[in-house]
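Note sheet for the following structure.
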Amino acid sequence: MRKKDLQITGATIRIERLSKTFDEVVAVDNVSLEVEKGEFMTFLGPSGSGKTTILNMIAGFERPTGGDIYVNGRSIGYIPPFKRDIGMVFQNYALFPHMTVYENIAFPLTTRKLSKDEIRTKVQEALTLVKLQQYGDRYPKQLSGGQQQRIALARAMIFKPPVLLMDEPLGALDKKLREHMQLEIKHLHEELGFTIIYVTHDQSEALTMSDRVVVLNAGKIDQVGSPGELYDKPRNKFVADFIGETNLFEGKILNREGDIISIETNGVVRIQGLQQEEIKGERVSISLRPEKIVFLNDAEERQNIYSGTLKDIVYVGETTKFYIALEGGGEEIFLKLQNRKGVPKLSRGDTVRIGWDIDDMTIFS
Ligand code: ATP
C-alpha cells in the first residue's frame, strides 16, 4: 500500500464568537479560535468547562446560540451533521453490537453507496491502519476495550474526513493501554494528515498528543498554546495550576529595583522576582514549578535562598516529592527530584536549605 493512497487533506477550522446557552447555563461563552490544516488541537479543561459542547457544535449535534463555525472557510454551524464531512470518535466506542468488525467499519461506506469491491479495499486498508487485519469477522463484544476503540477509529477514518473529532476516546481504558493508544493516534495523525480536535480532561494526555492545547475554563478560553508554552509561560493562575504541578503564592510587591522586584508573601517570606512589563499593580501571584527548586549545601548560592523543615517525603516512582515548611512560618513549598543517583538522604524533621533563581518563577498580576 503506497502512503499517498492514505493521505488525507486536512481542513482549517475557524470558530467565531461561538456561544451556547442551556436555559440559564452559559456552557460556551463567546469562543473564537483558529485551527490550522492538519493540526492536532486539544480542548483541555475541568468537568463542565464546555469542551464537549463545543465539539458537539462542530459535529452538528448541538445548535449554537450565537456565532458560527467555518471549515475551509465554509459556514457549517447551522447545517445537519451528515453534510459536514466530519468524523467522530466517542469514549464509549458506539460500535453496533450486532454487526461484525468488518460491517461496523463498512457502515459509513454502505450508507454512501460505494461498490462492494471498493468497500472491501477500503475496509482492509482501515483494518491494516489500526493493526487489526485478522479481526474482521469478530463481533465487538469479542474484542478488548483498546481493540474496540481502534475499530471505532477505523470507522471514523474510513471516508477520510478532513476533520476528525475525538471526545475522551481513551477515557475507558486503563493507564498503560491509554498511553499506548495515545502514541498510536498521534502516529496515525502524523501519517495521514487530517485535522484533529481532541477533548480530554487529562493534562498529560493533552501535552503528549497535541500540537496546540486550548485551556477552557467556565466556557471561555484561558490560553491557547503549544504544550511547552502552556507549561513554561502560563498566562494566569488557573493555567499554571491546571497544567502540571506547581507552588502558588499570593504576594505584595514591596519594591522594584531595576530588573528585580521584591515580593512579600504571607507577611513573612521575601521573594526576589524578575520585573516584567506584564506585572502591574502591587498584588501578585507567583507560580514556582517544584522541579525548579533545589537543595543547597552551605556554600551554594541562588537568588532566593531559604531554610525550612522537611514535613513530608513522598516517593512516587520516578520522582520523590519533598514538602518543606519555610522558617519563620508562612509558606509551605514542595519540590520534586528525579529518583536517580545523588538524591539526598533526608528524613522528616530535617532542616534543609533550598533555593531557586528569579527567572524560575512565573509572576502574574
Ligand atoms: P466533562 O469533562 O464533564 O464532559 P465538559 O467540559 O465537556 O465537561 P460540557 O459537557 O460541555 O462540559 O458542559 C458545559 C456546561 O453545560 C455544564 O455546566 C453542563 O452541565 C451544561 N450542559 C451541557 N449539556 C447540557 C444540556 N443538554 N442541558 C443543560 N445543560 C447542559
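Note that ligands are numbered from 1 as they come in the structure, with each ligand's atoms numbered from 1 the same way.
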Protein non-hydrogen atom found under 4.0 Å from atom 19 (C) of ligand 1: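 Under 4.0 Å from atom 19 (C) of ligand 1, zero protein heavy atoms found.
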Please say whether more than 12 non-hydrogen atoms of neighbouring residues, nucleotides or ligands are located less than 6.0 Å from [atom1] in [X].
X      : atom1 : answer
Lys336 : NZ    : yes
Arg256 : CZ    : yes
Gln134 : CD    : no
Asp137 : CG    : no

Mutual orientation of the aromatic rings belonging to Phe249 and Trp356 [parallel < 30°, tilted 30-60°, perpendicular > 60°]: parallel
Aromatic ring pairing Tyr323/Phe334, orientation class (parallel under 30°, perpendicular over 60°, tilted between):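 Judged by the thresholds at 30° and 60°, the geometry between Tyr323 and Phe334 is parallel.
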Atoms of ligand 1, numbered as shown, that sit under 4.0 Å from any heavy atom of Ser49: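 Counting from 1, the qualifying ligand atoms are 5 (P), 6 (O), 12 (O).
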Those atoms of ligand 1 less than 4.0 Å from some heavy atom in Pro46: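 Reading through ligand 1 atom by atom, the close ones are 6 (O).
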May I ask you to identify the nearest protein heavy atom to [atom], giving residue, atom name and distance to one decimal place in Å?
atom                    : answer
atom 8 (O) of ligand 1  : Gly48 N, 2.8 Å
atom 16 (O) of ligand 1 : Ala27 CB, 3.2 Å
atom 3 (O) of ligand 1  : Ser47 OG, 2.6 Å
atom 23 (C) of ligand 1 : Phe22 CE1, 3.4 Å
atom 13 (O) of ligand 1 : Thr53 OG1, 3.7 Å

Spacing of NZ belonging to Lys237 relative to CG belonging to Asp222, to within rounding of 0.5 Å: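 Taking NZ in Lys237 and CG in Asp222, the distance rounds to 12.0 Å.
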Part of Lys51 within contact of ligand 1 (heavy atoms, under 4.0 Å): both
Ligand 1 contact on Thr52 by region, counting heavy-atom pairs under 4.0 Å: both
Sole residue of Leu55, Val213, Leu170 in side-chain contact (heavy atoms from CB on, under 4.5 Å) with Tyr198: Leu170
N/O separation below 3.5 Å, Val25 to ligand 1: no
